[in-house]
Amino acid sequence: MKQITTIKEIRKVLKEEKKKGKTIGFVPTMGYFHEGHLELMRQAKKLADVVVVSIFVNPIQFGPAEDCKRYPQDLEKDKSMAQEAGIDYLFIPSVEEMYPGELLTYVDVEKLTLPLCGKFRPGHFRGVATVVAKLFNIIQPDMVFLGEKDYQQLLVVRKMAEDLNFDVKIIPIPTIREEDGLAMSSRNVYLNSEERKASLVLYKSLQLAKDLIKSGEKDAQTIKQAMGELIRKEPLVSLEYLSICDTCLLDELERVEKEALIALAAKVGKARLIDNIVMRLN
Ligand code: PAF
């Protein structure tokens with residue numbers, strides 16, 4: 001595995017790989033790897049000839065109240081995990097490398113960025129779309145691997161790539177969970193043992209929604225109410241939003257007929273956790 005910190009060098013090595021006819025798979029990350037990241041890397045290795053993983057804690061996707069500097073980091077551990085996963089190139093640019101001067105150009109994806117997390121993290125998806133567009137220009141990947149846990153991010157990046165004609169295939173990878181169901185996230189490290197236990201209610205509420213829908217409940221309000229009641233029983237969990245919405249446009253649904261995204265976000269101690277499931281009815 002080669003570690004690269006400059007845009008010039010990663011461009012040079014990937015140009016050589018492309019000349020040899022190799023396909024490039026790309027996994028953009030902010031580091032602090034867990035099993036979810038490893039699954040993205042494994043899938044990338046299966047489908048692409050050369051796999052590039054980036055680690056960059058992108059300051060422009062954090063709000064003023066969300067301290068980007070507090071984002072968990074363990075570069076040495078990440079490097080050895082990436083090496084073990086058989087990654088070819090680890091791209092670790094500095095903030096100065098990615099944003100050398102004042103940034104005056106941003107990528108704004110409309111509509112999809114307004115509901116769900118967009119409501120609670122203004123500017124977040126603009127920061128994500130902008131850095132991902134920059135990374136796509138730098139890496140020029142054939143395939144990009146993104147986790148379904150960040151479902152809204154996945155839709156935003158896919159639309160951005162389509163609208164801006166990036167010649168790239170976005171490949172969604174299912175959420176990896178702990179044995180008890182908690183979605184894997186770098187932010188889980190912020191949870192103490194009581195908060196860790198309490199946060200399980202989020203997964204349980206998604207399972208409750210699934211059971212209700214399977215037993216014939218179609219009214220979104222009724223399902224959300226049942227989920228909300230369950231979550232509010234946990235005093236350590238403070239719900240931000242609960243949504244039952246269309247899986248492509250994120251419009252709220254009144255009834256669950258064929259397909260629905262059930263998504264939520266909550267604060268548990270210092271951690272902001274998100275989770276979702278997609279229900280498909282035959
Ligand atoms: O999901 C993440 O880790 C980040 O939002 C991403 C896609 C790497 C952009 O900074």
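Note that the structure is predicted; figures quoted are calculated from it, not measured. Whatever order the structure lists them in is the order used to number ligands and atoms, beginning at 1.
Of the possible polar contacts, one joining the Lys134 side chain to the Met98 backbone as a donor-acceptor pair under 3.5 Å is found.
Residue pairs that meet the side-chain hydrogen bond (donor to acceptor under 3.5 Å, both in side chains) test with at least one member in residues 136-151, sequence neighbours left out, do not exist here.
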If you look at each N/O of ligand 1, which protein N/O atoms lie under 3.5 Å away, and at what distance?
from, atom 1, to, atom 2, distance (Å)
ligand 1, 1 (O), Gln153, OE1, 3.4
ligand 1, 1 (O), Gln153, NE2, 2.8
ligand 1, 5 (O), Gln61, NE2, 3.0
ligand 1, 5 (O), Gln153, OE1, 2.7
ligand 1, 10 (O), Gln61, OE1, 2.6

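Note that the CD1 atom of Ile244 and the CG atom of Asp251 stand 14.5 Å from one another [nearest 0.5 Å].
Hydrophobic cluster of Met41: the remaining members, joined at side-chain heavy-atom separations below 4.5 Å, are Met1, Val27, Phe33, Leu38, Leu40, Leu47, Val51, Val53, Ile55, Leu75, Met81, Ile87, Leu90, Ile92, Met143, Phe145, Ile171, Ile173, listed by chain and number.
Qualifying side-chain hydrogen bond (donor to acceptor under 3.5 Å, both in side chains) partners for Tyr203, counting only residues two or more places apart in sequence or in other chains: Gln207.
For Glu195 and Lys267, the salt-bridge test fails: no basic side-chain N is under 4.0 Å from an acidic carboxylate O.
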